[in-house]
J.: 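Starting off with a structure, shown below.
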There are 2 protein chains.
Amino acid sequence: MADTVTDSTPGRRERKKRRTRDDLIQQAVRLFAANGFDETTTEDIAEAADLSQRTFFRHFSSKEAVLYGDMDELRLRMRAALADRPADEPPIDAVRQAILTLADNYEAEREHRLLQARLAAAYPAVSAYSRAVVQAEWERELIRAISERLGVDPVMDPRPEIVAGAAMSALRVSIRRWTASSGTDHLPTIVDEAFDALSDLSRLAAAGPPAQ
Amino acid sequence: MADTVTDSTPGRRERKKRRTRDDLIQQAVRLFAANGFDETTTEDIAEAADLSQRTFFRHFSSKEAVLYGDMDELRLRMRAALADRPADEPPIDAVRQAILTLADNYEAEREHRLLQARLAAAYPAVSAYSRAVVQAEWERELIRAISERLGVDPVMDPRPEIVAGAAMSALRVSIRRWTASSGTDHLPTIVDEAFDALSDLSRLAAAGPPAQ
DNA sequence: AGCTTAGTGTCAGTCACTGACAAGATGCAA
DNA sequence: TTGCATCTTGTCAGTGACTGACACTAAGCT
């Protein structure tokens, strides 16, 4: 047993791999912020991390993926938030709280999240990835939680998907507005207003004639 | 005035261009259906239409774009449907009717729309494009119509975006289910149920304990 | 018939991403 | 400690989407 105290669970190999991955993320984010997304090549990123391009693609499946390399942790936090809500709470409220958990994180990591959101606003490829991968994962978490609460099979009953989709849509709009304010507005507040609007969907009435 | 009767408005050049474009769409759709999206190269499509790859990219900005080359017309039809609804109708109802117009078209062009939906389900790149371009355009139409009806500025008031986003989400879910049924279910009916669920969002309650 | 303009082909180039192979590091067992 | 299996990486060659530059031809106009 010549174990040093350092490696508690993961071995040396694991730690090295993790460090390499973190390096790639850090360098990528730095370069994206400095020069833009399209303007940064995967070769640039690998170079900055002193690795080959091939190694970059062994850690991340695309240039977009490295920008969102830290999202898995957030997804799990959201899942935990859902599990913590009382089982008899109306699903839409549990969902609102889960989304607020995400919003809190955006405030806590304001600079980084703002960069991601700005790049998504500026580069279609980033926006597409964010929706198709990151947000799709969040949405799946919501669908799973909602169908459990309703006690229904999400394949048969469309309501979990409808609710989750509406919630994700509200989040997207909220983040867009938060980004437009450069993160000066309070995202959880924006999200709260968005969910209020969602509850009032059917009560939304057309305006009368413009001041008669 | 040596006009022949054939070219009523667009000149020979325009017609030729249009025909080339239509050829590309037709060949692309045929090849996608036969071999799959990733399995078909832009070179294959150009070749099948007896054109150079460079010309393909002069008509379509991406391989995804050619698959949705017929969507502009549908968007305009949706816009017209929105304009036709009474101005004092609740926005959510006008939106529902607009989406039902889309659904009707999906039934009318079942085979083609089903192919698009299947390719979107099978190929992430297609799904991403569909959302980021096609559906984003539809959503913008909704936002514009809703803010006009509410008499508000969509930059200041988040409600138009919220409503439009929720509606688009309901449409996506509906199309997914319609696709899963291979188009045998009636899409307008599915859409109607989705909008009913949307109206009942806040009344959705958790199930009691599983049969005590 | 001339002149301008727009659509096309060809060619060369960039860049994201992938498969194959070899080499060095790591974990593990004898 | 040694030996072997496994993992991570680098190198190299290749595919395919997409773009800029240039020359050529057809279409519209006078």
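Chain A is the first sequence line, chain B the second, and so forth, proteins listed ahead of strands; every chain is numbered from 1.
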J.: What do the steps show when you test B:R77 against B:E73 for salt bridge (Lys or Arg N to Asp or Glu O under 4.0 Å), and what is the final call?
T.: CA-CA 6 Å; B:R77 193 171 314 179; B:E73 191 193 346; 3.2 Å; yes
J.: Taking atom CD of A:E141 as the centre, does the number of heavy atoms from other residues, nucleotides or ligands within less than 6.0 Å exceed 12?
T.: yes
J.: To the nearest angstrom, how far is A:Q53 atom CD from C:dA16 atom C1'?
T.: 7 Å
J.: Using the ring of each side chain (for Trp, its six-membered ring), is B:Y106 parallel, tilted or perpendicular to B:W138, with breaks at 30° and 60°?
T.: perpendicular
J.: Taking DNA chain C as the partner, which of residues 120-133 of chain A come within under 4.0 angstrom of it by heavy atom?
T.: none
J.: Minimum heavy-atom separation for B:R110 and B:G183, please, with both atom names.
T.: NH1-O, 2.8 Å
J.: Check every nucleotide of DNA chain D for an atom under 4.0 Å from a heavy-atom of chain A, then give the first and the last such nucleotide from 5' to 3'.
T.: D:dT6 to D:dT11
J.: Where the side chain of A:F57 is concerned, which of C:dA25, C:dT8, C:dA16 is the nearest nucleotide?
T.: C:dA16
J.: Applying side chain to side chain contact (heavy atoms under 4.5 Å, CB included) between B:M78 and each of B:L142, B:N105, B:L100, report the one that passes.
T.: B:L142
J.: If I compare all heavy atoms of B:G36 with all of B:Y123, which pair ends up nearest, and what's the gap?
T.: CA-OH, 3.4 Å
J.: For the pair made of CZ in A:R15 and C1' in C:dT26, what is the distance, rounded to whole Å?
T.: 11 Å
J.: For DNA chain D, whose closest nucleotide is more 5', that of B:T42 or that of B:E14?
T.: B:T42
J.: Specify the residue among B:K16 and A:L51 whose closest nucleotide of DNA chain D lies further upstream toward the 5′ end.
T.: A:L51
J.: In whole Å, I'd like the distance from the CG atom of A:D38 to the P atom of C:dT14.
T.: 17 Å
J.: Looking at A:E47, I want to see if its CD is surrounded by more than 12 non-hydrogen atoms of other residues, nucleotides or ligands under 6.0 Å.
T.: no
J.: Between C1' on C:dA25 and NZ on A:K17, what's the gap in Å once rounded to a whole number?
T.: 14 Å
J.: Find the distance B:R54:CZ to C:dT14:P and express it as a whole number of Å.
T.: 16 Å
J.: With sequence neighbours left out, write down each residue that passes salt bridge (charged side-chain N to carboxylate O under 4.0 Å, His left out) with A:R176, or none if nothing qualifies.
T.: B:E161
J.: Does B:D50, at its CG atom, have more than 12 non-hydrogen atoms belonging to other residues, nucleotides or ligands within less than 6.0 Å?
T.: no
J.: Does A:R12 put a side-chain nitrogen or oxygen below 4.0 Å from OP1 or OP2 of C:dT26?
T.: yes
J.: Which whole-number value in Å describes the distance from A:H59 NE2 to C:dA16 C1'?
T.: 18 Å
J.: Looking only at side-chain atoms of A:R13, point me to the closest of C:dG27, C:dA16, C:dC21.
T.: C:dG27
J.: So what does B:S52 hit on the nucleic acid, given a heavy-atom distance under 4.0 Å: a base, only sugar-phosphate, or nothing?
T.: base
J.: Round to a whole Å and report the spacing from NZ of A:K63 to P of C:dC15.
T.: 9 Å
J.: Please step through salt bridge (Lys or Arg N to Asp or Glu O under 4.0 Å) for the pair A:R96 and A:D196, ending with a clear verdict.
T.: CA-CA 10 Å; A:R96 182 196 286 235; A:D196 288 343; 2.9 Å; yes
J.: Which residue, B:R58 or A:F60, contacts DNA chain C at a nucleotide closer to its 5' end, judged by nearest heavy atom?
T.: B:R58
J.: Please pick, from C:dC17, C:dT8, C:dA16, the nucleotide with the shortest atom-to-atom distance to any side-chain atom of A:T41.
T.: C:dA16
